[in-house]
Amino acid sequence: MTDQPQYRDRSVLIHGKFKSEKWDFEDHITPPVTTSTAFRLRSAERGAEGFKQFANPELDRATTHPIYIYERLDDPCQGLLEETLAFAEKGEIAVSFATGMAAISAAIGIHVKAGDHIVLHKTIYGCTYGLVTHWLKRFGVEHTFADFLTPGGLAAAIRPETRVVYFETPCNPTLDLVDVRAVAKEVQEVNDSRTPNERIATIVDNTFATPFCQRPLTMGMDFVVHSLTKNLGGFGTSMGGVVIGPRSSETELLLFRKDFGGSIAPDVAWKVLNYGVPTLALRLERQQQIARRVAEFLDLHPKVKNVRYPGLDSFPQAELAREQMRDIDGNFAPGSMLYFEMAGEAAESYERAVRVINRIAERALCVTLAVSLGQIRTLIEHPASMTHSVIPPEDQMRAGISPGGIRLSLGIEDPGDILSDLEDALSRA
Ligand SMILES: *Cc1c(COP(=O)(O)O)cnc(C)c1O
């Protein structure tokens with residue numbers, strides 16, 4: 001995709017690569033969806049060649065005419081989506097997965113073995129927390145949750161056995177930002193004194209911001225992961241995930257996907273490729289505009305203790321937000337997610353949050369009580385009792401997830417209608 005530098009990103013995200021080795025239907029404007037679980041191999045020799053080529057580090061997947069074998073290994077729609085997502089994040093390669101969690105498992109999984117150690121920022125998606133604390137721990141991989149926002153917090157947690165540094169920015173659900181360039185620099189300093197085998201890989205979950213709002217690989221990160229279920233898919237119709245990173249990791253990612261089996265369904269890859277990615281800029285611009293209006297409204301509301309939205313001047317890391325969150329045209333891009341806390345002490349604030357959520361669930365058209373995020377529909381949820389409930393209360397407090405905290409993912413409804421649904425619920429809280 002990097003052979004089209006004369007076009008702006010938003011155009012390339014709509015058209016994808018004009019010519020591709022991935023399919024023979026060059027007159028189609030929309031790439032065809034193919035859902036064949038197995039592929040005819042034509043001859044013993046070609047079959048053998050296909051197996052020799054799969055995940056072969058000596059072949060450039062983007063330019064080699066592929067011999068498809070079996071859908072779990074590789075498929076034309078997966079490949080087309082991967083090329084486009086690698087372009088979107090400015091990475092060398094992308095490997096797609098069945099869900100965001102399958103992608104996160106692979107991104108971490110290819111870097112660790114028993115005895116190794118991972119450092120994560122303390123505020124993290126609930127299932128990533130579960131993956132690390134329950135499963136990876138059981139396989140002998142240790143972890144430390146550190147505070148990447150405190151100077152020295154990350155450095156103090158790094159051990160000789162550390163192989164992965166992992167975080168989200170903005171964090172789910174608190175919208176705290178991690179300074180990507182600062183983390184890159186700190187880890188680089190450690191890596192400078194290590195052998196290649198001991199090298200620490202940096203992984204960022206960029207699901208909240210999307211490549212529309214920031215591209216962490218251009219700020220020194222090694223890997224970006226996404227839940228395609230969210231804003232990259234955009235319409236809430238299917239689940240998917242992706243890992244984007246250096247070409248040197250492609251073989252391991254493909255083998256991990258082959259053997260753990262978390263391949264994306266080709267018709268899902270096709271939907272993300274044809275509906276999600278081409279409309280990303282359009283949706284995000286609109287959602288972001290609405291998010292800012294809602295944030296300003298909540299900021300002034302007497303029933304609301306505080307609002308966290310990177311686009312507000314009152315945002316504690318407003319300066320970092322302006323530096324780091326830039327859209328594909330270079331404009332400030334604080335995103336479509338916000339978090340706010342209901343007024344009152346813990347118990348009262350919690351009761352208020354429950355009342356708001358229940359009123360919305362009962363009455364609202366434009367705000368829906370549901371987990372997930374990054375859709376054309378506005379979604380609201382209560383992290384402490386829902387998405388982040390697997391995290392024990394003490395850890396929730398440490399991660400800044402308050403009992404009366406509410407997460408909002410803005411959609412593309414009429415902003416006045418969204419505000420009136422929120423006002424109706426807040427006025428009764
Ligand atoms: C939803 C989400 C995931 C997990 O993605 P799935 O597609 O649900 O597996 C990971 N990280 C973040 C930040 C998410 O919001």
Side-chain angles (χ1 to χ4, degrees), residues 81 85 89 94-109 118 120-136 148 164 166-178 180 203-214 216 221 223-244 256-257 260-265 268-269 271-272 276 284 287 308 310 325 335-339 370-375 377-383 386-391 399-401 405 407-411:
L81 174 64
L85 293 176
E89 283 287 3
V95 176
S96 57
F97 289 87
T99 63
M101 284 318 302
I104 293 167
S105 305
I108 296 177
I118 303 173
L120 305 99
H121 178 54
K122 59 181 186 168
T123 313
I124 209 89
Y125 182 67
C127 299
T128 308
Y129 181 92
L131 172 71
V132 171
T133 56
H134 184 68
W135 296 105
L136 291 179
F148 289 19
V164 169
Y166 185 102
F167 61 96
E168 298 162 10
T169 182
C171 298
N172 184 3
T174 57
L175 276 296
D176 280 333
L177 303 186
V178 173
V180 178
I203 306 174
V204 189
D205 183 337
N206 199 25
T207 299
F208 262 41
T210 83
F212 178 78
C213 297
Q214 66 187 14
M221 293 292 105
F223 293 86
V224 160
V225 293
H226 279 285
S227 167
L228 300 178
T229 316
K230 313 294 168 55
N231 256 318
L232 277 163
F235 295 92
T237 59
S238 1
M239 310 208 77
V242 69
V243 182
I244 300 146
F256 193 99
R257 182 175 73 180
F260 282 84
S263 308
I264 192 168
V268 169
K271 279 197 252 182
V272 179
L284 258 289
Q287 288 167 215
R308 324 243 12 227
M325 303 189 76
S336 59
M337 299 294 304
L338 65 82
Y339 180 75
V371 300
S372 199
L373 56 104
Q375 309 193 2
R377 297 178 179 86
T378 297
L379 305 180
I380 196 166
E381 67 113 5
H382 181 233
M386 297 173 189
T387 45
H388 293 68
S389 57
V390 17
I391 303 172
I401 302 166
R407 189 183 78 181
L408 255 183
S409 165
L410 280 309

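Both ligands and their constituent atoms are indexed starting at 1 by order of listing.
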#### Entry: Interatomic spacing from CD1 in Ile104 to OG1 in Thr99 - rounded to 0.5 Å
8.0 Å

### Query
Does Asn206 have any side-chain hydrogen bond (donor to acceptor under 3.5 Å, both in side chains) partners at least two apart in sequence or in another chain, and if so, which?
Glu89, Gln214

### Query
Looking at residues at least two apart in the chain, or sitting in another chain, which of them share a salt bridge (charged side-chain N to carboxylate O under 4.0 Å, His left out) with Asp205?
none

### Query
Is it true that His121 and Phe148 have ring centroids separated by less than 6.0 Å?
yes

Show me a pair-per-line table, with atom names and distances to 0.1 Å, of protein N or O atoms that are under 3.5 Å from an N or O of ligand 1.
{"from": "ligand 1", "atom 1": "5 (O)", "to": "Ser227", "atom 2": "OG", "distance (Å)": "3.0"}
{"from": "ligand 1", "atom 1": "7 (O)", "to": "Gly100", "atom 2": "N", "distance (Å)": "2.8"}
{"from": "ligand 1", "atom 1": "7 (O)", "to": "Ser227", "atom 2": "OG", "distance (Å)": "2.8"}
{"from": "ligand 1", "atom 1": "7 (O)", "to": "Thr229", "atom 2": "OG1", "distance (Å)": "2.6"}
{"from": "ligand 1", "atom 1": "9 (O)", "to": "Gly100", "atom 2": "N", "distance (Å)": "3.0"}
{"from": "ligand 1", "atom 1": "9 (O)", "to": "Met101", "atom 2": "N", "distance (Å)": "2.8"}
{"from": "ligand 1", "atom 1": "11 (N)", "to": "Asp205", "atom 2": "OD2", "distance (Å)": "2.6"}
{"from": "ligand 1", "atom 1": "15 (O)", "to": "Lys230", "atom 2": "NZ", "distance (Å)": "2.8"}

### Task
With sequence neighbours left out, write down each residue that passes side-chain hydrogen bond (donor to acceptor under 3.5 Å, both in side chains) with Ser105, or none if nothing qualifies.
none

## Note on the structure
Rounded to the nearest 0.5 angstrom, the CG-CZ distance for Leu408 and Arg308 is 15.0 Å

